[in-house]
Amino acid sequence: MIDLDSLLSSLWPIAQARVPDTEVIRIEDAFDRVLAKPVISGLDVPGHDNTSMDGYAVRCADFLSCSQFAVSQRVPAGSSPQPLEQGTVARVFTGAPIPEGADAVIMQEEATVGEDGLVAFANLPKSGQWIRRRGEDIVAGQVLVPSGTRLNAFKVSLIASVGVHEVEVYKRLKVGVFVTGSELQRPGQPLNPGQIFNSNEYVWRGLLRAMHVEIESLGIVPDTLSATCDALRKLHGCDVVISSGGVSVGEEDHVKPAVESMGTLSSWKVASKPGKPLAVGELNRDDGSTCRFFGLPGNPVSSSVAFLLLVKPFIALMQGHALEAVDWRLRLREKTADFDWLRPDTRREEFLRVRDTPQGLTLFPNQSSGVLTSMDQSTGLVRLPVGKVVRRGDSLSYVDFQDLMQ
Ligand SMILES: Nc1nc2c(c(=O)[nH]1)N[C@H]1C(S)=C(S)[C@@H](COP(=O)(O)OP(=O)(O)OC[C@H]3O[C@@H](n4cnc5c(N)ncnc54)[C@H](O)[C@@H]3O)O[C@H]1N2
Ligand code: MOO
């Protein structure tokens with residue numbers, strides 16, 4: 001039996017060593033993806049000086065000698081103006097380019113057009129007023145979005161604003177999942193005697209979705225060696241494969257032999273409660289490459305805890321996230337126990353489901369690894385060293401589910 005710290009230390013470098021593939025995709029498809037190559041603007045935005053108001057483009061110096069002006073040209077947005085004739089003004093509309101020679105815009109609300117068509121203005125213009133300058137938003141050559149950025153709506157819009165329609169992003173990780181157990185039934189289907197519903201898969205699905213990975217699920221796989229081997233063969237093209245159940249020592253537990261027949265099993269027992277039977281290994285592909293495999297225990301709490309402590313951080317590291325952001329051991333905080341725990345496990349460290357309250361940590365009354373409500377009703381886990389007796393008032397290491405799930 002390997003201790004959890006040793007297992008994590010052996011796994012993290014494997015995840016970090018991954019060189020991610022990239023692909024070029026259209027910006028319409030780029031939301032939530034991570035840029036592999038920076039987007040550099042090829043142009044200035046705005047591309048020309050333009051007016052931010054409907055009104056008149058003027059030359060301030062003309063106001064020294066004139067008080068009424070002829071309108072020498074009309075410039076809608078999207079047109080290309082002539083240089084401004086001396087002593088005249090140009091009718092301009094929001095977004096229109098400023099004619100060469102003009103150096104201010106006067107809003108039309110401040111203008112009066114006489115019967116003779118000449119325009120007079122209520123106020124003298126200030127040089128530069130109501131002109132949006134070329135490049136005031138973005139300049140050509142500027143790194144608009146650096147690589148490593150997850151693209152949200154604003155960033156994709158920014159990329160579109162400089163006319164780029166394709167971006168190079170990291171390929172999404174593909175995670176294959178299946179659950180083993182002939183007793184399992186899909187939610188929504190009638191339960192036959194002795195059957196239970198598959199709930200484990202939904203913890204993974206929820207957490208994997210937030211990690212923006214691609215999920216390929218085979219759903220429920222019967223407890224036979226051939227069905228388990230088939231499932232592994234179908235999924236071994238994925239980056240990571242996760243299963244639950246069938247990793248203990250019973251005759252119905254086929255995951256270990258199935259993995260051994262298709263690759264290697266590096267460990268299958270962790271000194272952790274819950275989550276002791278845990279098959280960690282790799283599956284060989286035909287081209288000589290391998291795929292990571294995690295066979296989690298079937299018990300719902302064991303499967304959830306093993307996923308949170310081990311699989312989720314592993315995948316996050318593969319995605320290029322920093323170790324400091326991923327390793328939950330750095331999020332452990334000292335909190336006071338508001339409970340006694342007098343019969344600790346003498347061979348495995350324990351992760352107790354607790355609630356963080358103003359009085360201290362309270363213990364969920366049923367710590368059985370089959371009791372899924374203990375996850376839902378708790379706020380986090382206490383990490384207890386092997387054999388540790390807890391008395392009310394003791395200081396304990398606590399990690400919040402928010403930190404584990406984010
Ligand atoms: N003789 C021994 N028996 C067991 C040991 C042991 O060391 N010696 N370890 C126990 C521990 S600890 C755990 S954890 C479980 C793990 O067993 P498996 O991974 O082989 O899981 P199963 O037997 O297939 O299932 C266990 C339990 O969980 C339920 N289950 C399974 N899959 C799902 C699912 N997708 N959704 C909801 N519930 C699921 C299943 O019906 C069983 O009740 O082994 C102990 N036994
Ligand atoms: O380790 Mo099992 O995961 O305790 O129930």
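Residue numbers start at 1 and run along the sequence shown. Not measured: the values here are computed from a predicted model. All ligand and atom numbering here is 1-based and tracks the order in the structure.
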### Task
Can you sort out the partners of S41 under side-chain hydrogen bond (donor to acceptor under 3.5 Å, both in side chains), two or more places apart, ordered by chain and number?
none

### Task
Identify the protein heavy atom lying closest to atom 5 (O) of ligand 2, giving its residue, its atom name and the separation to 0.1 Å.
S369 OG, 2.4 Å

### Query
Which is it for R233 and D286 under the salt bridge (charged side-chain N to carboxylate O under 4.0 Å, His left out) test, yes or no, and what are the steps along the way?
CA-CA 10 Å; R233 219 167 287 119; D286 299 340; over 6 Å; no

### Task
Could you find the nearest protein heavy atom to atom 41 (O) of ligand 1 and give me its residue, atom name and distance?
E183 OE2, 2.7 Å

### Task
Could you tell me the residue and atom name of the protein heavy atom closest to atom 2 (C) of ligand 1, and the distance to it rounded to 0.1 Å?
V249 CG2, 3.5 Å

## Note on the structure
Note: I220, heavy atoms under 4.0 Å from ligand 1, region reported as neither

### Task
With sequence neighbours excluded, tell me which residues meet side chain to side chain contact (heavy atoms under 4.5 Å, CB included) with V19.
none

### Query
Among all protein non-hydrogen atoms, which one is nearest to atom 35 (N) of ligand 1, and what is the separation to 0.1 Å?
N198 OD1, 3.0 Å

### Message
To the closest 0.5 Å, what do you measure between CZ (F197) and CZ (R186)?
### Response
11.0 Å

### Query
Judged by non-hydrogen atoms, does G246 sit under 4.0 Å from ligand 1?
yes

### Query
Side chain of S267, backbone of K269: donor and acceptor closer than 3.5 Å?
no

### Message
Please determine whether a side-chain nitrogen of the Lys or Arg among R133 and D49 lies less than 4.0 Å from a carboxylate oxygen of the Asp or Glu.
### Response
yes

### Task
Please report which non-hydrogen protein atom sits nearest to atom 7 (O) of ligand 1, along with the residue it belongs to and the distance in Å to one decimal place.
K276 NZ, 2.7 Å

### Query
Non-hydrogen atoms of S302 versus ligand 1: any pair closer than 4.0 Å?
yes

### Query
Considering only heavy atoms, which of K276, R348, Q367 lies nearest to atom 4 (O) of ligand 2?
R348

### Task
Going by heavy-atom distance to atom 3 (O) of ligand 2, choose the closest among A306, P297, G275.
G275

### Task
Give a yes/no verdict on whether any heavy atom in S199 is under 4.0 Å from an atom of ligand 1.
yes

### Query
Tell me: protein heavy atom nearest atom 2 (Mo) of ligand 2, and distance?
S302 OG, 3.6 Å

### atom 23 (O) of ligand 1 [closest protein heavy-atom partner, distance rounded to 0.1 Å]
D253 OD1, 4.3 Å

### Message
Measuring from atom CG of D54 to atom CH2 of W130, what distance do you get when rounded to the nearest 0.5 angstrom?
### Response
12.0 Å

### Message
Within the 4.0 Å heavy-atom shell around N299, which atoms of ligand 2 are there?
### Response
5 (O)

### Summary
The option among L296, V301, N299 carrying the non-hydrogen atom nearest to atom 26 (C) of ligand 1 is N299

### Message
For atom 17 (O) of ligand 1, tell me which residue out of G181, S303, S248 has the closest non-hydrogen atom.
### Response
S248

### Message
With respect to L184, determine whether any N or O atom, backbone or side chain, lies less than 3.5 Å from an N or O atom of ligand 1.
### Response
no

### Message
As an exercise, identify every atom of ligand 1 less than 4.0 angstrom from a heavy atom of S244.
### Response
32 (N), 35 (N)

#### Entry: Ring centres under 6.0 angstrom apart (F69, Y56)
no

### Task
Kindly indicate, with the supporting measurements, whether the criterion side-chain hydrogen bond (donor to acceptor under 3.5 Å, both in side chains) is fulfilled by D403 and W328.
CA-CA 7 Å; D403 286 325; W328 51 270; over 6 Å; no

### Summary
min-distance protein heavy atom vs atom 33 (C) of ligand 1 -> N200 ND2, 3.2 Å

### Message
Closer than 4.0 angstrom, basic N to acidic O: yes or no for R285 and D287?
### Response
no

### Gap between atom OG of S261 and atom CG of L225 - 0.5 Å precision
6.5 Å

## Note on the structure
Under 4.0 Å from one or more heavy atoms of V179, ligand 1 contributes atoms 35 (N)

#### Entry: Numbered atoms and elements of ligand 1 in range of F197, under 4.0 angstrom, heavy atoms
36 (N), 37 (C)

### Task
Please report which non-hydrogen protein atom sits nearest to atom 39 (C) of ligand 1, along with the residue it belongs to and the distance in Å to one decimal place.
G298 O, 3.3 Å

### Query
How close does the nearest protein non-hydrogen atom get to atom 38 (N) of ligand 1, and which residue and atom is it?
I196 CD1, 3.3 Å

### Message
Between the side chains of E282 and R292, is the shortest nitrogen-to-carboxylate-oxygen separation below 4.0 Å, so that they form an ion pair?
### Response
yes

### Query
Are there more than 12 heavy atoms of other residues, nucleotides or ligands under 6.0 Å from atom CE of M1?
yes

### Query
Any Lys/Arg nitrogen of D5 or R383 sitting under 4.0 Å from an Asp/Glu carboxylate oxygen of the other?
yes

